[in-house]
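Structure, as structure tokens:
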Amino acid sequence: MSLLKIKDKQFKPYISSEKIQEAVKNVAAKINAELKDEFPIFLVVLNGAFMFASDLLKEINFPCEISFVKVASYHGATSSGSVTELIGLTEDVTNRTVVIVEDIVDTGLTLEKLINVLSKKNIKQYKVATAFFKPSSLKNNIKIHYTGIEIPNDFVVGYGLDYDGLGRNQKNVFVLA
Ligand code: IMP
């Protein structure tokens with residue numbers, strides 16, 4: 001693997017595609033064992049989670065539904081504080097087990113907002129599956145049920161993760177050189 005140049009930054013190889021695939025299979029095995037009787041709905045958080053979701057869901061061996069969502073946060077013109085909206089969820093999630101599929105959990109703030117929205121929808125329970133997790137960056141105590149690979153607080157690209165919109169298509173993960 002060689003260096004990856006994106007705009008003004010150089011990235012060096014960090015996690016190989018083989019290692020990622022092994023981690024994804026481990027996550028899938030846990031989900032297959034724990035959620036097989038739940039008929040869960042997987043909520044894939046776009047854009048970053050598309051590649052993880054594709055690999056993960058091919059390994060899931062029980063019936064499930066898959067939905068693709070975006071989390072949008074904005075400051076309302078009159079209200080104080082920010083409003084979070086979940087775009088793209090058309091399925092009824094009442095009494096369902098919802099598996100949130102994330103690319104990476106960094107501060108955990110995006111996840112927290114998403115969980116707050118979901119918790120108003122009378123779901124049975126939620127589980128979080130993430131390809132990558134930076135435990136030392138976490139700013140809340142949200143539980144991550146299924147983690148592919150834990151990494152230090154480094155900025156990474158590839159396997160769905162981008163720098164300024166680029167690098168998502170790389171099958172290996174790179175870190176800022
Ligand atoms: P959080 O809310 O801080 O947990 O981070 C949420 C989002 O920030 C992730 O879903 C990613 O889109 C982005 N992000 C966090 N860390 C990285 C990184 O190392 N590379 C690329 N994107 C990242």
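Counting convention: from 1, in listed order, for ligands and their atoms alike. Basis for what follows: all heavy atoms, side chains included, without hydrogens, waters or symmetry-related copies. Fair warning: this is a prediction, and the values are worked out from it, not measured in the lab.
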Kindly confirm or rule out an N or O of Gly108 lying under 3.5 angstrom from an N or O of ligand 1.
yes
Is there a polar contact, in the sense of an N or O pair closer than 3.5 Å, between Leu161 and ligand 1?
no
Just which atoms of ligand 1 are under 4.0 Å from any heavy atom in Lys134?
16 (N), 17 (C), 18 (C), 19 (O)
Which class fits the ring pair Phe42 and Phe62: parallel under 30°, tilted 30 to 60°, perpendicular over 60°?
parallel
Could you identify the single nearest non-hydrogen protein atom to atom 3 (O) of ligand 1 and state the distance to 0.1 Å?
Thr107 OG1, 2.5 Å
What one should report as the nearest heavy-atom pair of Glu59 and Lys25 is OE2-CE, 3.7 Å
Quick test of your reading of the structure: of Val173, Val157, Val156, whose heavy atom lies closest to atom 20 (N) of ligand 1?
Val156
Distance to 0.1 Å, residue and atom name: give those for the protein heavy atom nearest to atom 13 (C) of ligand 1.
Ile104 CG2, 4.2 Å
Part of Val45 with heavy atoms under 4.0 Å of ligand 1, whether side chain, backbone, both or neither
neither
Using a strict 4.0 Å threshold on nitrogen-to-oxygen distance, state whether Glu38 and Lys124 make a salt bridge.
yes
Ion pair present between Arg96 and Glu65, side-chain N to carboxylate O less than 4.0 angstrom?
yes
Per-atom filter on ligand 1: closer than 4.0 angstrom to a heavy atom of Asp154 are 19 (O)
Measure from atom 16 (N) of ligand 1 to the protein's non-hydrogen atoms and state whether any distance is below 4.0 Å.
yes
